[in-house]
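Structure, as structure tokens:
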Amino acid sequence: MATAPDVLFNLRNNFYLGAYQAAINNNDVPNLSEEDAIERDCLVYRSYIALGSYQLVINEVDSSAATPLQAVKLLALYLFSPDSKENTISSIREWLGDAAIGNNPILRLIAGTIFMHEQDYNEALKYTNAGGTMELYALNVHIFLKMNRSDYAEKQLRVMQQIDEDHTLTQLATAWLNLAVGGSKIQEAYLIFQDFSEKYQMTSLILNGKAVCCMHMGNFDEAESFLLEALNKDAKDQETLANLVVCSLHLGKPSARFLSQLKLSDPEHVLVKRGLTAEENFDRAMQTVG
Amino acid sequence: MLTKFETKSNRVKGLSFHSKRPWILASLHSGVIQLWDYRMGTLIDRFDEHDGPVRGVHFHQSQPLFVSGGDDYKIKIWRMNDTKAWEVDTLRGHMNNVSCVLFHARQDIIVSNSEDKSIRVWDATKRTGLQTFRREHDRFWILGCHPEMNLLAAGHDSGMIVFKLERERPAFSVSGDSLYFVKDRFLRFYDYTSQKDTQILPIRRPGSISLNQGPRTLCYSPTENAILICSDVDGGSYELYIIPKDSITRGDTVQEAKRGVGGSAVFVARNRFAVLEKSTNQVLVKNLKNEIVKKSALPVAADAIFYAGTGNLLCRAEDRVFIFDLQQRLVLGDLQTSFVRYVVWSSDMESVALLSKHSIIIADKKLVHRCTLHETIRVKSGSWDDNGVFIYTTLTHIKYCLPNGDSGIIKTLDVPVYITKIFGNTLFYLDRDGKNRPIVIDSTEYVFKLSLLKKRFDHVMSMIRNSELCGQAMIAYLQQKGFPEVALHFVKDERTRFNLALESGNIQIAVASAKEIDEKDHWYRLGVEALRQGNSGIVEYAYQRTKNFERLSFLYLITGNLDKLSKMMKISEVKNDVMGQFHNALYLGDVQERIKILVNAGHLHLAYATAKTHGLNDIVEDLADKLNGSVPNLPSGRSSSLLICPTPVLCGGDWPLLRTMKGIFEGGLDNAGKGGNEEYEDAADADWGEELDIVDVENIQNGDISMVPDDEEAHEDNEEGGWDLEDLELPPDVETPKAATSRSSVFVAPTAGMPVSQIWVQKSSLAAEHAAAGNFDTAMRLLSRQLGIKNFTPLKSLFIDLHMGSHSYLRAFSSAPLISLAIERGWSESASPNVRAPPALVFSFSQLEEKLKAGYKATTTGKFTEALRLFLSILHTIPLIVVESRREVDEVKELIIIVKEYVLGLQMELKRRELRDNPVRQQELAAYFTHCNLQLPHLRLALMNAMTVCYKAGNLITASNFARRLLETNPTAENQTKTARSVMQAAERNMKDSTQLNYDFRNPFVVCGATYVPIYRGQKDVLCPGRIRCFRLTVFSSSDQMIHKSFLQSYQSQFFSLNVSGFRSRVEDFCLVADVLCCYIREPITLNCRLDFGYEFSFWRFDIQIFVFLEFVEIWCRLKTVTVVWHSQSGVGL
């Protein structure tokens, strides 16, 4: 039973719900303990990373910074320069092997994230499966969902629910899982995003969440309105664009413009890649079948 | 005194009339109770059961009962009939003489009091003690009971009390347009719009162990349809009910509610409620299963919690309330208050009213204090109206409270009511009997005051104009609130007007009023105000009117108006005002004048001193003479300094005013105008935004149309077919490996599960679903096998769209890769999770219907290329459409038939337009076009077209045939009829055809889809000029219904079958496919047909399998009388 005020609550919440700029703007929390200050900095830098400002993080975090911040910097490096991925990965492995810092939750979290990008889920889980923080559990849920193992994800979620069922990450992870398992659970996921939208600042993450729920419930018109609202908030949000492409396809509306916007904004996006591989597959299949 | 009846006995201590009969009870000091008939004057009965004096005796209002209480500390209950009475029971408990005892007027209870300093309440039926109220020092002597209301009174050694035993306020909760409340032992629902009151469900009746155990508060969660009811049972407890979906249970069975103990319980989120555990000062957050989700300690001891927005609680501590954020565990705001009984939030949750017994505190959502109202009469309830005015009730009044704390009475009340909701002027309340009633209140006063407060002067003005608001109270209010300029417009009385004008600094109106009044005092006050404003003109005017010369002079002095000052001096002279004259001279610095005045006034010494000081030696000597040497002794050795006239502060005119005062009307109008404009501008902005959106949408739509041409023309067969989904209903969860159950300490990462798309691939036999899953080669194989499609190029974009539309994207954990989620088809609320449904496909039948409409439209407007493209794209898409019912299968078939006709017709028409130099062929094609099955308007156009072409080419007979057919359609267009008639007339005059056409309209025919030549009924063989891969299967042409039908009759569906999308189609389906194939004849096509006896024929692909085909046709022909007409360049005929 906690009694002390949770001073970083808002900051964390903003970060989890994708209100990255709000997290950055409102990071000035007075009277932070040293530990809290590091967490605060981590959240702020991770927000910058989420916004794509990798260089800023790389420049600002110097070698004297605390381990968690260094870990965050590694993530920035990893995402910033795909060419030096190998270096980044080898340094993170090195740090993880260091008994003094290897168990740092942020370091493990970042490691998990990076190995997820490498699609090496086993390696990711090696560092994250032990959990320890809500973020790590949530990342585990994410990893298991990527592996199509909703049974494992559900187990992780139960752990989170036991710790704090109303935690924003618990709620979010519940929504992820609900969406992944589908069926009647999609409504519950929708209600979770709906609760967020009533309670907190509306972000494109929340709007996309609602839109995805709508799409899965077959309600593409409503999904489109959420997505257009999200697009108004951020015309370059990749997730919004990708979902708009999908949604427009289902509505029989042209999707080409959204797709080309997405290609400009993120040529590596899953949907873009999906389109490209599909073309290749089609041509190959034509040859085999024909 | 008119004595009706009298008895004799020892000290009568208690009396009670029977309510209906002529009976009276008398209790005596001796312990005897007598029952008298005072009309007959007879003693009906006497009862001697008490030991010692009986002081209290009381008849029941309606039942044949009475009670008595005596100095034996006992209370006895008696029952009687017409002839006798007998003791039923004795209530023991009082520790001293019972002073008084009576039945409660409204409840089935007995109330007694005693010299033991207690009041006791007893259950009259069960005859058990319910509750005891004690006083420290006062013995009770007497009780009184209100005949109608729920009120009792008791007299004791040092005074009396009036009290009631049970709360009468119904527990209620407002949610949107409805109210949930408890009446008796039912939860009820009241709809404000329809004003209907419905019983929802019975709730648990409190075991009537003691009083006041009924529901105290009620809390409702709309999303979950859950109700929390709190009561004082067990020292504070709650019950959680879920309202069933069908909502109304008429039954009497009480739902097994979830219960718990706690000071108070409120919902803090859709599916969470908080319970106060007073003993530990913790808040327990629970879910709807009544399980504890979280515990949170409160920083200050609280004795009650209230809702304060999602996740927040308003907690009541001893001398304060505070808002506690359960997630941040942070106090968001606190406020010193007296004991708060009720908390009422405004609908936007921005303001809260805290109701105490005698005060109301209005605060914002962070509990920043806005205002406090004190009431001498108890505050009962309240609600916020739409404008942010708090409307509340006391015992006797309905009142309002504005955001600034101003309050006033709206209406007087006879009985207390509990406001639940306000819509405009209509206020809804619950009365003490649990009835909902609307009441219309006059909101004018508070709306007016609110408008003033919010500076909505436009509203203020319109209200001033339209309503009768005047009154001293309103003027006083306006003055007090600093709106004298508003009050000005209410007032006719000049003095009040003058005062208000001065207060609001409106000089013009003040001057006008002053002129009317024309009193010195008013002019003076006007002058003072004008001076304050620096309006020297008015000051001067006011001084002049009051003839206040001194002030006037001084005014001229300070404004530097020396001309007028010298005039003033002259006036003084004329008026013989020496002092005034002197002052003016002094102001003007006119020394000689001063001396003159002094001399005239006889002050020669002073005159001498003045002259001397100013060095006017001539005059000095003069004066010295006059003084005869007794000149004053002026101080010597000092240099004299002159009195310098003050420099004017500003020369002449009015002082510049920074702000000009305008009347409220002007200002108000301006403000209103501006405000309005701003609002308009805002609105305009909003509209712009909207419009942009609309533009976007339009672009999209436009794009849509322009996109269509991008689709390359393709040809594949369409199939018709029913999609049978049965094959998808596979047992769930087969593919997903179960989590390892072993709990080894070493973590072993699970193997990856199967992506949903792979499950789709495994389960599906539909090409479209395989395409959606990205499994293109299977999709192609399926199409190839089921429909014989060979060329997939036109399907490329369709395949890719299906695949791209099969997943949505969810950003889960920040900076981690996205989660792709498979979108499934046919979602329903009751769908089980973890059971994979087939993929949602981006193409739907309804989209095709839209395209069909667009195709019709393009045809009508003559955009044939466009129309053809649309119709072809429909045919391309059909193989990838999945339908769910037989009806839809039929619709798809119908669509194919329609589209096929159009494709053929349009192709011929386009071909015709290419052949400018071949008039014969042109005519033929135009003629064939009219034999396509078209919509009537299109058919008319085709006929017009053919008629025109043939007429121009001199083929009058043919042309007149088209004209006749055209007239048979009863064309609506005047010119069509006219032209057709004239063509027929021309043909009658000249019955001949100038050229020979391959067109015999008397003989039924179908048109070859590749070569556009007619194949007449009965014709065995047609030679197709110079085309490869040309063939047709006319038997199956839908236009040759007769053969078709006979074929079907002869060979039932078990003979031929075609496997289309998992659905065994019948021969007719196969025929349809064949028909459509004719439209794509230019591409190599295979159509596989499986005969039921196990043979699988690739029954045509010209180049290779021609002989297989021939064999097939041979079997066919041998079987029956049908004629198969086909042809190829190879010349192989049958």
Side-chain angles (χ1 to χ4, degrees), chain A residues 1-3 5-6 9 15 46 49-50 75 113 116-117 122 125 129 138-139 142 145-149 151-152 164-166 176 179-185 187 195 198-199 205 212 215-218 239 242-243 245-246 249-250 252-254 270-271 274-275 278-279 281-282 285-286 288-289, chain B residues 223 269-270 272 285 293-295 297 310-311 327-330 700 703-704 707 736 738-739 747 749-750 752-755 774 776-777 780-781 784 792 796 799-801 803-805 808-821 823-824 827 829-835 840 842 847:
Chain A
M1 184 189 69
T3 47
D6 185 358
F9 177 85
F15 174 70
R46 287 166 68 195
I49 292 175
L75 178 63
T113 312
M116 270 180 94
H117 279 284
N122 287 348
L125 284 172
N129 81 81
L139 190 71
H142 192 162
L145 289 180
K146 287 295 277 185
M147 296 173 76
N148 297 304
R149 291 305 299 259
D151 48 346
Y152 272 80
D164 182 354
E165 194 175 346
D166 289 339
W176 305 337
L179 273 168
V181 298
S184 56
K185 293 281 181 190
Q187 263 176 317
D195 282 352
E198 281 168 12
K199 224 153 113 189
L205 182 139
V212 166
M215 285 201 274
H216 285 247
M217 292 190 281
E239 196 189 358
N243 282 322
V245 170
V246 176
L249 279 171
H250 281 273
K253 295 184 177 178
V270 192
L271 182 68
R274 182 185 283 267
E279 279 187 44
N281 282 347
F282 190 90
M286 276 252 283
T288 45
V289 177
Chain B
T223 325
R270 157 174 74 80
R272 295 278 184 277
V285 177
V293 176
K294 188 154 73 175
K295 289 184 181 184
T310 309
Q327 278 182 304
Q328 300 192 57
R329 299 186 292 277
L330 208 66
I700 287 163
D704 189 9
M707 282 287 290
T736 310
K738 289 282 171 211
F747 176 79
M754 188 184 283
F776 292 162
D777 45 0
M780 287 180 195
R781 275 183 227 282
S784 170
F792 290 95
K796 183 168 180 176
F799 269 44
I800 290 174
D801 283 355
H803 184 48
M804 300 237 301
S808 67
Y809 301 92
L810 183 72
R811 180 169 297 287
F813 204 81
S814 175
S815 295
L818 291 178
I819 297 180
S820 306
L821 296 163
I823 311 178
E824 293 158 336
W827 181 84
E829 276 178 47
S830 50
S832 329
N834 263 323
V835 178
V842 302
Q847 283 174 24

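Only a predicted model underlies this, so the values are computations on that prediction, with no experimental measurement involved. So you know, we letter chains A, B, ... as the sequences are listed, proteins then strands, and number each from 1.
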When B:Ala816, B:Pro817, B:Ser808, B:Gly805 are compared by non-hydrogen pairs under 4.5 Å with chain A, the top option: B:Pro817
Max heavy-atom pair count under 4.5 Å with chain B, selected residue of A:Gly275, A:Ala278, A:Ala138: A:Ala278
Short side-chain to backbone donor-acceptor contact, A:Asn243 and B:Tyr809, under 3.5 Å: yes
Contacting moiety of A:Leu205, where chain B heavy atoms sit under 4.5 Å: side chain
side-chain contact (heavy atoms from CB on, under 4.5 Å) between A:Asp6 and B:Arg329, intermediate numbers included: CA-CA 6 Å; A:Asp6 185 358; B:Arg329 299 186 292 277; 3.7 Å; yes
Interface moiety of B:Gln328 toward chain A, non-hydrogen atoms closer than 4.5 Å: both
Value rounded to 0.5 Å, distance of CZ in B:Phe813 from NZ in A:Lys146: 14.5 Å
CE-CG distance between A:Met116 and B:Leu818, expressed to the nearest 0.5 angstrom: 10.0 Å
Contact class of A:Asn281 relative to chain B, heavy atoms under 4.5 angstrom: both
Residue, of B:Leu330, B:Thr310, B:Ile800, B:Val285, that accumulates the most heavy atom pairs under 4.5 Å with chain A: B:Ile800
Largest heavy-atom contact set with chain A, pairs under 4.5 Å, which of B:Lys294, B:Glu824, B:Met804, B:Lys796: B:Lys796
Value rounded to 0.5 Å, distance of CD in B:Gln847 from NE2 in A:His250: 9.5 Å
Closest heavy-atom pair and its distance - A:His216, B:Leu821: CE1-CB, 3.5 Å
Which of A:Lys199, A:Met217, A:Glu279 touches chain B most, by non-hydrogen pairs under 4.5 Å: A:Met217
side-chain hydrogen bond (donor to acceptor under 3.5 Å, both in side chains) against A:Arg46, all qualifying residues, sequence neighbours excluded: A:Glu135
Least distance between heavy atoms, A:Gly183 atom then B:Trp827 atom: O-NE1, 2.7 Å
Close side-chain approach of B:Arg270 and A:Glu198, heavy atoms under 4.5 Å: no
Most chain A-contacting option - heavy-atom pairs closer than 4.5 Å, from B:Ala812, B:Ala831, B:Pro755, B:Ala269: B:Ala812
A:Asp166 side chain near B:Val293 side chain, heavy-atom distance below 4.5 Å: yes
B:Ser814 side, atom OG; A:Leu139 side, atom CG - distance, nearest 0.5 Å: 10.5 Å
Engaged part of A:Leu179 at the chain B interface, taking heavy atoms whose separation is under 4.5 Å: both
Flag side-chain contact, heavy atom, 4.5 Å: A:Met286 against B:Phe776: no
B:Ser815, part contacting chain A, at a heavy-atom distance under 4.5 Å: both
Sub-4.5 Å side-chain heavy-atom contact between B:Pro833 and A:Ser184: yes
Interatomic spacing from CD1 in B:Ile819 to CD in A:Glu239 - rounded to 0.5 Å: 10.0 Å
